[in-house]
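Beneath this line is the structure, given in structure tokens, with notes to follow.
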Amino acid sequence: MIQPTFAKEELSYEEKLEQRQALYQKYETVTNVPWTYLAAVDAYERGLRKALRDRPKESGVIGIYFSDEQWAGPINPNKEDTNPLSISMFGGIGLDGNGDGIASREDDEDVLYTMAKYIETFGYTEEDFKIALWEHYHREQTVNIISGHAKVYEHFNTLDAHANAFPIPLQYNYSYKNTWGDRRGWGGRRIHEGTDIFAGYNTPIRATSYGVVEIKGWNKYGGWRIGIRDLDNVYHYFAHLSGFEKGIDVGSIVEPGQVIGYVGSSGYGKPGTQGKFPPHLHYGMYRDNGKTEWSFDPYPSLKSWEKKDRAKRKK
């Protein structure tokens with residue numbers, strides 16, 4: 001039995017995952033939309049709530065958001081309408097998912113059912129899913145991000161895919177400090193959008209999260225680099241590599257601690273340029289807000305992941 005979503009007290013991480021999984025599977029059964037698709041949209045929307053200041057925190061365990069106009073209808077005089085019949089009459093999208101006669105944006109089941117039914121109208125293939133996402137969000141990058149989330153959930157067959165790892169194995173020699181925001185001059189005046197972790201050539205570099213490889217190849221600033229998108233919509237950028245781990249390609253699904261490449265000194269020039277600076281990993285993090293993305297300081301995250309990895313080694 002699915003527990004009520006209007007919880008009076010804060011649920012634990014495990015309890016939230018359990019309730020979400022139950023809801024995804026229920027509405028997979030009702031609509032034939034795979035639970036991984038529903039989880040992917042929900043994860044993306046939860047990430048948007050973290051990035052957008054004008055969106056409230058979700059009241060239940062589902063993060064999917066509809067504006068009052070989307071839900072109640074653009075010409076509905078009652079923007080808080082919860083009557084399924086009048087919502088339908090005014091062209092609103094809101095539906096009653098749990099059969100209580102009310103279609104509420106604050107009810108997890110109503111919200112998830114509404115999204116599932118919307119996706120269902122486009123079909124059941126991966127291509128149909130992408131068309132539904134495009135029609136809803138009108139942004140190709142959003143379609144790509146959510147599709148990637150779905151693949152991660154399908155691959156690991158769990159919602160519990162939000163762990164992290166420090167990018168350098170702790171047994172190797174390395175050093176770093178907070179260099180985010182420092183000035184950079186090569187290629188024009190710009191700021192440093194990351195943290196430099198200095199280590200010896202060919203030191204292994206590890207994925208810091210679960211996610212999908214979005215980019216792999218050469219960049220004139222970053223040299224050989226890899227970009228990985230996690231389930232919080234955050235893009236993890238690894239640059240100045242000497243090479244890539246075998247089998248890591250665009251579309252590869254990775255997990256925390258998995259080796260993806262090796263420390264080098266590539267970049268600041270045409271493909272193959274090496275040695276213009278000491279070997280190090282440039283690590284950056286970028287948050288997507290549904291329209292664009294921006295860099296934020298990865299140093300606090302790196303210190304936290306390093307501390308947790310050290311604690312694991314002591315056990």
Side-chain angles (χ1 to χ4, degrees), residues 144-145 148 152 163-188 190-230 234-288 293-299 301-306 309:
N144 293 335
I145 291 174
V152 172
N164 298 99
F166 191 70
I168 301 295
L170 298 185
Q171 66 268 30
Y172 285 80
N173 291 323
Y174 64 87
S175 64
Y176 68 106
K177 62 181 182 179
N178 194 348
T179 55
W180 189 84
D182 289 355
R183 288 187 176 184
R184 289 292 184 269
W186 191 89
R190 54 198 173 90
I191 68 165
H192 189 236
E193 296 183 345
T195 294
D196 289 336
I197 305 177
F198 291 89
Y201 279 109
N202 297 321
T203 296
I205 296 170
R206 311 188 303 168
T208 50
S209 66
Y210 292 91
V212 176
V213 176
E214 279 192 0
I215 291 176
K216 171 191 171 185
W218 183 266
N219 175 287
K220 66 179 180 180
Y221 299 107
W224 299 118
R225 82 334 186 176
I226 289 179
I228 296 171
R229 182 78 58 179
D230 73 15
V234 174
Y235 179 76
H236 301 250
Y237 177 68
F238 306 78
H240 306 315
L241 281 60
S242 63
F244 306 105
E245 176 69 357
K246 184 177 180 181
I248 298 296
D249 295 297
V250 172
S252 293
I253 297 170
V254 299
E255 59 185 315
Q258 180 178 344
V259 175
I260 58 174
Y262 301 88
V263 172
S265 60
S266 62
Y268 285 16
K270 62 183 181 180
T273 302
Q274 303 271 352
K276 289 193 172 183
F277 40 75
H280 68 278
L281 166 66
H282 169 98
Y283 178 74
M285 298 176 73
Y286 297 77
R287 183 171 292 283
D288 186 274
E293 61 183 26
W294 70 92
S295 68
F296 63 95
D297 187 0
Y299 184 78
S301 295
L302 288 168
K303 294 296 289 185
S304 174
W305 301 338
E306 181 185 34
D309 279 3

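Keep in mind that what you see is a predicted model, and the values were worked out from it rather than measured. Sequential numbering from 1 along the given sequence is applied to the chain's residues. The analysis underlying the following values was restricted to heavy atoms, covering all of them including side chains, and did not include hydrogens, waters or symmetry mates.
- Between Lys216 and Val250 the shortest heavy-atom distance is N-CG2, 3.8 Å.
- Heavy-atom minimum distance, Thr195 versus Thr179: CA-OG1, 3.6 Å.
- Using modelled atom types, one side-chain atom of Asn164 and one backbone atom of Thr208 make a donor-acceptor pair closer than 3.5 Å.
- Residue-environment remark: CG (Asp249) exceeds the threshold of 12 foreign heavy atoms within 6.0 Å.
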Worksheet item: Does the side chain to side chain contact (heavy atoms under 4.5 Å, CB included) test come out yes or no for Glu245 and Ile205, once each step is laid out?
Response: CA-CA 9 Å; Glu245 176 69 357; Ile205 296 170; over 6 Å; no
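- Here the side chains of Val263 and Ile168 are in contact, with some heavy-atom distance below 4.5 Å.
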Next item on the list: Under the side chain to side chain contact (heavy atoms under 4.5 Å, CB included) rule, what do His236 and Met285 come out as? Steps first, then yes or no, please.
Entry: CA-CA 5 Å; His236 301 250; Met285 298 176 73; 3.9 Å; yes
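- Contact detail for Gly261 and Leu241: the closest heavy-atom pair is CA-CD2, 3.9 Å.
- Listed here is the closest heavy atom pair of Tyr174 and Ala199: CB-CB, 4.1 Å.
- Here the CD-OG1 distance, from Gln171 to Thr203, works out to 10.0 Å after rounding to the nearest 0.5 Å.
- Here Ser209 contributes atom OG and Glu255 contributes atom CD; the two are 11.0 Å apart, rounded to the nearest 0.5 Å.
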Under the criterion side chain to side chain contact (heavy atoms under 4.5 Å, CB included), I'd like the reasoning laid out for Val213 against Ile260: C-alpha separation, chi angles, the key distance, then a yes or no. CA-CA 10 Å; Val213 176; Ile260 58 174; 5.9 Å; no
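- The CD1 atom of Ile215 sits 11.0 Å away from the CD1 atom of Ile226 when rounded to the nearest 0.5 Å.
- Between His282 and Tyr221, the gap from one ring centroid to the other reaches at least 6.0 Å.
- Put simply, the side chain of Glu306 does not reach to within 4.5 Å of the side chain of Asp309, judged on heavy atoms.
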Would Lys303 and Asn178 count as a side chain to side chain contact (heavy atoms under 4.5 Å, CB included) if you check the C-alpha gap in whole Å, the side-chain angles of each, and the deciding distance to 0.1 Å? CA-CA 10 Å; Lys303 294 296 289 185; Asn178 194 348; over 6 Å; no
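- Taking all atoms of both residues into account, the shortest heavy-atom contact from Phe277 to His240 is CZ-ND1, 3.4 Å.
- Taking the six-membered ring for Trp, Phe238 and Tyr283 have ring centres closer than 6.0 Å.
- Considering OH of Tyr299 and CG of Asp196, their distance stands at 12.5 Å, rounded to 0.5 Å.
- By the 30° and 60° cut-offs, the orientation of the rings of Phe166 relative to Tyr176 is tilted.
- Considering every non-hydrogen atom in both Trp224 and Ser242, the closest pair reads CD1-O, 4.5 Å.
- Of the options Tyr201, Phe198, Tyr262, a ring-ring contact (aromatic ring centres under 6.0 Å, His included) to His280 is made by Phe198 and by none of the others.
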